[in-house]
Amino acid sequence: MAGRAGDALIILLSLAILFALWSAAAAIAQSRALPPPGSVLVFLWTEAVSGELWFHLAVTLARVAAAFLVAMALGSAIGVALGVWRLADRIFDPWLILLLNLPALVIIVLAYIWFGLNEAAAVGAVALTKVPNVAVTIREGTRAIDPQLSEMARVFRFPPGRMLRHVILPQLQPYFAAATRSGVALIWKIVLVVELLGRPDGVGFQIYTYFQFFDVRAILAYSLAFVVVMLLVEFLLVQPAERRATRWRKRDA
Amino acid sequence: MLEVAIRSKTYRTASGEDLAVLRDVDFTVRPAEFVCITGPSGSGKTTLLRLILGIDADFQGSIRSPDGRIAAVFQEPRLLSWRTVEDNLRLALPHDLAGTQLSPLLELLGLGGTEKLYPGELSLGMARRVALARAFAVQPALLILDEPFVSLDDTTATRLRHVLIDIWSARPATVLMVTHNLREALELADRIFVLSPRPGTIVADHRLDTPRQDRTQEWIDNAISGLVR
């Protein structure tokens, strides 16, 4: 516990140093291009009071969640299929490599051109940029499933649901965790690009709007707010879920 | 009744050759009969068990298992590391045994108080006993054991052999047990099959008519010299 308190103190100290450096740089620059932290916080506050901030945060967060769920579901299904079925893997592996190397920007632009500037195209494009990563990770996990345990489950006649929940999914869990972690980090950044290119709301749209006014204060305010939201997602959702799933491993470590 | 009639079982090796593992293995085992299978390494004992368990269906011939459930104790414990000892047993239970009290069985196997532990917290010997408990818990009609007592110390192995016989006597099942240990086979079995080197086939089928309680150390010593000759 003393260690954790110490860690927290170091994190706070490190953030304080960052803010001090920022303040100092802003004081020296005296420019609209580098506002001091105080004015960014003031802007954040007025946006929060007017409700504008919450609206755009919520819209972006909803897109992140939707794209994440679609990417995980689709990517997992494809990954399991490729892991189990060798012929499919041989046929579709080049497609995966192609998609993995296609820049997200290209996918977004094409999605908007082909499917129009709408919500489905936006979320779909973001999901699609993440699907191959998830598929590759889950394919790896599927291949690593222990055949000895599957045999045991067959001998003891585990029903399919029990087999999936207690034998297969726990073995895939570390791979889901890895896909989730890299997925959340990647998706929220790409969602901002999608919003910038073709959506009338969301944090990405706001940043684009204030970019046209060269309002760095607003850009930083929205970026900071969203980073905080994503950190909260990480600490309140991703990490507790992971701890729960791996609690059996903690004890013998 | 367990009826086994295997014509042949071959494996394809990495170099593409067919390797005959079993050839013409025919036997039937009556309900509640305890059979030990022994033979040199590589004579296909574990393969035979895998065919009977239905894990491997790629062979020539036919196998009819008795009606009812099958349980197995593999060479490795094969426990789910992410579930507690108790959950490992409960998950193997069929629907109609779902509410069974497991603590008496765990107690009997010297596993009292381990219900909430994860397999990673157990010694190998304890994990093997959990695997035994899981097999007993499902009350099988056919129990398959692949060297269940190997790598346990003598005292534990002896005690577990007694537990095995106690549980089996209370609820007789057809038992097929692979063992390298001839003394163990002579202590436990109604019949002993001896497999030949690869391709394995049954070269001897010994019936032991002496009741188990009369099988003293002396009797076992004599029987071994008889078998070896």
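Keep in mind that this is a model prediction, so the values were computed, not measured. Chain naming here is simple, since letters A, B, ... match the order of the sequence lines and numbering starts at 1 in each.
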Side chain from CB out, backbone as N, CA, C, O: work out which of these in [X] comes under 4.5 Å of a heavy atom of chain A, or both, or neither.
X: B:Leu93; answer: backbone
X: B:Arg134; answer: both
X: B:Thr84; answer: neither
X: B:Arg78; answer: both

B:Trp82 and B:Tyr118 aromatic centres sub-6.0 Å: no
Between A:His166, A:Arg162, A:Gln173, the one whose heavy-atom pairs under 4.5 Å with chain B are most numerous: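 Top option by heavy-atom pairs under 4.5 Å: A:His166.
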Option that, when pairs with chain B are counted at under 4.5 Å, heavy atom only, ranks first among A:Arg154, A:Gln171, A:Met152, A:Gln148: A:Gln148
Side chain to side chain donor-acceptor pair (under 3.5 Å) contacts touching residues 77-106 of chain A (sequence neighbours left out): A:Asp89-A:Arg139, A:Asp89-A:Arg143, A:Asp93-A:Arg139
Polar side chain donor-acceptor pair, B:Thr155 to B:Asp153, under 3.5 angstrom: yes
Flag for B:Glu17-B:Ser15: side-chain donor and acceptor within less than 3.5 Å: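 Note: B:Ser15 and B:Glu17 side chains meet the donor-acceptor criterion.
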Check: B:Glu147 main-chain N/O paired with B:Gln75 side-chain donor or acceptor under 3.5 Å: no
Any donor-acceptor pair under 3.5 Å from B:Thr114 side chain to B:Leu117 backbone: no
Most chain A-contacting option - heavy-atom pairs closer than 4.5 Å, from B:Leu91, B:Leu79, B:Asp87, B:Val138: B:Leu91
